[in-house]
Amino acid sequence: MAYAASAIRGAISDIPAEMAIAIATIRQNLLTVRLPSVHARWDGKACAKTVNIDSPSSPYSGGGSGIMRTLPTHQPTGTMAEYYDFRTLEERWRNQWEADKTFAVSTDPTREKYYLLEMFPYPSGKLHVGHLRNYTIGDAIARMKRMEGKNVLHPIGWDAFGMPAENAAIQRKSHPATWTMSNIDEMRRQFKLMGISYDWDREVATCHPGYYRWTQWIFARMLDEGYAYRKSSPVNWCESCGTTLANEQVVDGACWRCDNTVVLQEREGWFLKITAFAEELLDGLDGLTDGWPERVLTMQRNWIGKSVGAEVTFQVEGGGEITVFTTRPDTLYGATFMALAPEHPLALKLAEGIETEREVKAFIDEMAGQDAEQRTGEKAEKRGVFTGRFARNPLNGELIPIWLANFVLIDYGSGAIMSVPAHDERDFAFARQYDIPIRIVIAPEGGDDKDWLAEAESMTDAFSGDGIMVNSGPFSGQENRGMGIERVVEELERRNIGKRQVNYRLRDWGISRQRYWGSPIPVIHCPACGPVRVPDADLPVILPTDIPFPEDGKSPLHTDPAFYEAACPACGGPGRRETDTMDTFMCSSWYFNRYPSARCEAALADKADLDYWTPVDQYVGGIEHAILHLLYARFFNRFLHSIGVTSRPEPFARLLTQGMVVKDGAKMSKSKGNVVPLDEMAAKYGADATRLFILFAAPPERDLEWSDAGIEGASRFMNRISRFVIGSLNRLKGAAAPATPADLPKELADIRRLTHRTIERVRGDFGRFQFNTAVAAVMEMLNGVTGHFGADGGQGEGTGGDAVLAEAVGTMLTLLYPITPHLTTDLWSRIAPEAPLWDRPWPVADPLCLTRDELLIVVQVNGKLRSRITVPADMSEEAVKETALNDPKIVESLGGKPPRKVIVVPGKLVNIVA
RNA sequence: GCGAAAGUGGCGGAACUGGUAGACGCACUGGACUUAGGAUCCAGCGGAUCGCUCCGUGGGGGUUCGAGUCCCCCCUUUCGCACCA
């Protein structure tokens, strides 16, 4: 007894000396230490203390690291709980995994591969538990797949270019590179601390020249293939970020990163022709329906926004023509006016020299001064002005007025529309406001034969449904859908005044950023040759990091002659290097193709490696990238596939979008000030307990509410399983294979059934990534097993139970390993030091152990639970029915009424209808 | 406005194809071990009567021997889209 107290005294130097006057008792394998109550606290904080008892005479000394226990300091006094020493144990295995490169993999076509990827992080500082969820889910999958025998590629890297580094540099009077690198170091440490099983040899950072060389190379290929081009156009400008943004990066009229209102500004810049892939990107989604969440597919479909219709040309009375796009050529006879966007090239021209000119000009000027919110926002009302000119309806020859309207968008279709107020809500509202005639040309199916021309007067809403064409010349009487549309288009094509046309909402991707911390665009502008791309041999164009970063945040590239002065690669004359940098989304659009051969110098990636590893089998990340990153990455991959670089058109076979971590009703984030620091959790509860809680608290797709009490529970479970396994150790060494259930006493057969049923449940749960129920199943199993063997695993010693116990312990540790790898590995190493847990195969349930010889049958009367009966498993349906009917509770419940009908669900229930 | 998902104890959440609602965990209550207990162990824990029983999965209808689960209507919340012709 005495050694325990002295061990404690020695181990905790900061406990006051009198504290060590402790009473220690050992009962079974549990050490209980009592301390005098006068020492209410020796440290005001509610954190834990660790006590290492590692005496040679200790019953716990066999395991090497010994048993350690934490003593919660907030207890006034305390018996030490049976805590496990997660600090020492987690560090030990973490170090071993790193030293041995346990999770490093190589291309091996003889083995089945599994590529698991979490969206790589932006190195913004330290990780908090909100970040961790993504990586914990990924790690659980990776570790499980390894146990299933797969060759698992599980890499990590850093999305390391971007604005926040520049902002931080200004604030700290530092340099974006310095800030980024130190964040990467910090976060790498934290990933290792949490025991995420990455192949660190494949780490990439997008700001490394060895990486962005290939980002530039991809841009060069796009330039060669005509998918990268330069144009001047109105682009989204974020004043607070001091840069332009792509359409995808504008959310509700505001910058996706800083939430500042975005304004349109005419600027010249580089664009990528993502629209050329619109159809492919849309079609590709059909192949992802099994593996991607439906709502992500829907969001991408909506974003691409395909519309099928026709292009129709209208002749302007007095010269000129206007082309419109419509999805409803069947309503052409109902077009009673045309409307142009105020920015339309003809807008002012039409009114030139006639009496409407001044009014039209005023309208155009007014609209030019409005931002997107005023123009197309929720409260924007329909506004317009008559140009004074008319166009001729190409089918019925009628003259219709040409208007300018605020609701017509210049950058969709041709920036002009034909307006059919009877069958389009927007046109209807506009027509009513400006007293433009409304003409019905589609009659609702089954509607009475009315005078449809007169009917328009009393319309209160546009009718946008389908029906029969009326007032439509030779087309009248047809169904509009299908044949009607088809016939009209044929007629337009025959007369050469229109044609079939598909339009997309998707726009080309503007990638020029007027910032410093990004990949340089490999182009030199030459006064003679125009923009010329830098030859491949000269890549990468290095982003200079040795130039001072100015305090005003302006990109030093624009003002650094050493950077921008360059000879034209084509003519050798003096040129100017492109000083804008690339959108960082370009860097993250292909990184998953780099991991398979992360250090490849000769190419973006080695083809054999790509053939073997891609596509990513399971991608894990946040829903916020449903469009942004996931659309760009698909685009890049398809482009690279089209030029023979990547092996598959689609990059991600399956996608899991995890929910956010919320605390106090808000998403956990630094700006909200509700973060739970990772280091703190690791120090207080350990990496395993933190991981366990994250996976246990909610299914992955749903939001997770952080709970300080919840992680205490996770920690308790770690403690209980640790106590149980350590207590059982002496029974496990050399335990034989368990006997078949038939040869075991009922209680032990039940334990084996519990073991194998748990294997079944966890298998199913892992398959659906329902880690919360998988954990619950193992918790249940531990409850059942401790119920039989005792919390210390010592009960029933010397019986044939050792083998059953050994099977149960091995199973629990294996099933839990993907979630809490450190503790399970450590405990297993005490049972079988020669074979590490991570090399064990994933368990398979033995059907023999799942069978039962007795079944519990629920008996209902009129659907209400009335009794439960236990019957032999092989009892016939008829006999089960009889047993149920003769059950005393059922007899009473029936009260002599004869059963009208009896339903028997084999193995489950009997329902008696009376 | 349109579309999608979701509403289950005090809380997080289970219930796979309709078949014992509330697994597992948290919180709470009682007990044990104790000088002490915010540790540990045991027990209880949807509501009402607290014996049998009745009512309970947002509300209302329906289908069925049987509905948290399927169908219809409504309410609430979250997310996405919102002049894209």
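Predicted model, so just to flag it, every value in this text is computed and none were measured. The chains referred to below are lettered A, B, ... by the order of the sequence lines, with proteins before strands, and numbering in each begins at 1.
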Looking for any heavy atom pair under 4.0 Å, which part of the strands does [X] touch: base, sugar-phosphate only, or nothing?
{"X": "A:D411", "value": "nothing"}
{"X": "A:T327", "value": "sugar-phosphate"}
{"X": "A:G713", "value": "sugar-phosphate"}
{"X": "A:N503", "value": "nothing"}
{"X": "A:S707", "value": "nothing"}
{"X": "A:R702", "value": "sugar-phosphate"}
{"X": "A:V324", "value": "nothing"}
{"X": "A:R505", "value": "base"}

Problem set entry | Length of the line joining A:R723:CZ and B:rU40:P, which is rounded to integer Å | 9 Å

Whole-Å [atom1] distance, [N] and [M]:
{"N": "B:rG18", "M": "B:rC65", "atom1": "P", "answer": "15 Å"}
{"N": "B:rA82", "M": "B:rG3", "atom1": "C1'", "answer": "11 Å"}
{"N": "B:rU69", "M": "B:rU17", "atom1": "C1'", "answer": "11 Å"}
{"N": "B:rU35", "M": "B:rA23", "atom1": "P", "answer": "36 Å"}

Exercise. Tell me, what's RNA chain B's dot-bracket, Watson-Crick or G-U with both distances under 3.5 Å, | for other-strand, [ ] crossing?
Worked result: (((((((..(((......[....))).(((((.......))))).(((....)))..(((((..]....))))))))))))....

Problem set entry | Phosphate OP1/OP2 of B:rA14: any A:N772 side-chain N/O under 4.0 Å | yes

Of all the choices, [options], which nucleotide is nearest to the side chain of [X] once you look at every atom?
{"X": "A:K382", "options": "B:rA85, B:rC83, B:rG19", "answer": "B:rC83"}
{"X": "A:E780", "options": "B:rU20, B:rA23, B:rA85", "answer": "B:rA23"}
{"X": "A:T326", "options": "B:rG19, B:rA85, B:rC26", "answer": "B:rA85"}
{"X": "A:T773", "options": "B:rA85, B:rU20, B:rA23", "answer": "B:rA23"}
{"X": "A:M779", "options": "B:rC24, B:rA15, B:rA85", "answer": "B:rC24"}
{"X": "A:F407", "options": "B:rG12, B:rA23, B:rC83", "answer": "B:rC83"}
{"X": "A:R720", "options": "B:rG80, B:rA14, B:rC41", "answer": "B:rC41"}

Exercise. Which glycosidic conformation, syn or anti, is assigned to B:rG9 if syn requires a torsion within 90° of zero?
Worked result: syn

For residues 763-772 of chain A, tabulate all N or O donor-acceptor pairs below 3.5 Å that involve a side-chain atom, not counting sequence neighbours.
from   : atom 1 : to     : atom 2 : distance (Å)
A:R763 : NE     : A:E760 : OE1    : 3.4
A:R763 : NH2    : A:E760 : OE2    : 2.8
A:D765 : OD1    : A:R768 : NH2    : 3.2
A:D765 : OD1    : A:T773 : OG1    : 3.3
A:D765 : OD2    : A:T773 : OG1    : 3.2
A:D765 : OD2    : A:A774 : N      : 3.2

Problem set entry | Those residues that, when tested against A:D703, pass side chain to side chain donor-acceptor pair (under 3.5 Å) (two or more places apart) | none

Seminar exercise, completed: Residues passing the side chain to side chain donor-acceptor pair (under 3.5 Å) test with A:W292, sequence neighbours excluded, are none

Protein N or O to nucleotides 63-67 of chain B N or O, pairs below 3.5 Å:
from   : atom 1 : to     : atom 2 : distance (Å)
B:rC65 : O2'    : A:N911 : ND2    : 3.3
B:rC65 : O2     : A:N911 : ND2    : 2.5

For this session: Let me know, please, whether A:A697 or A:R507 comes out on the 5' side of the other along RNA chain B by nearest nucleotide.
Result: A:A697

Exercise. How far apart are the C-alpha atoms of A:R328 and A:D330, what are their side-chain angles, what is the distance that settles it, and do they pass the salt bridge (Lys or Arg N to Asp or Glu O under 4.0 Å) test?
Worked result: CA-CA 5 Å; A:R328 295 293 303 274; A:D330 53 315; 3.1 Å; yes

Short heteroatom pairs, N/O only, protein and nucleotides 44-54 of chain B, under 3.5 Å:
from   : atom 1 : to     : atom 2 : distance (Å)
B:rC54 : OP1    : A:R866 : NH2    : 3.3

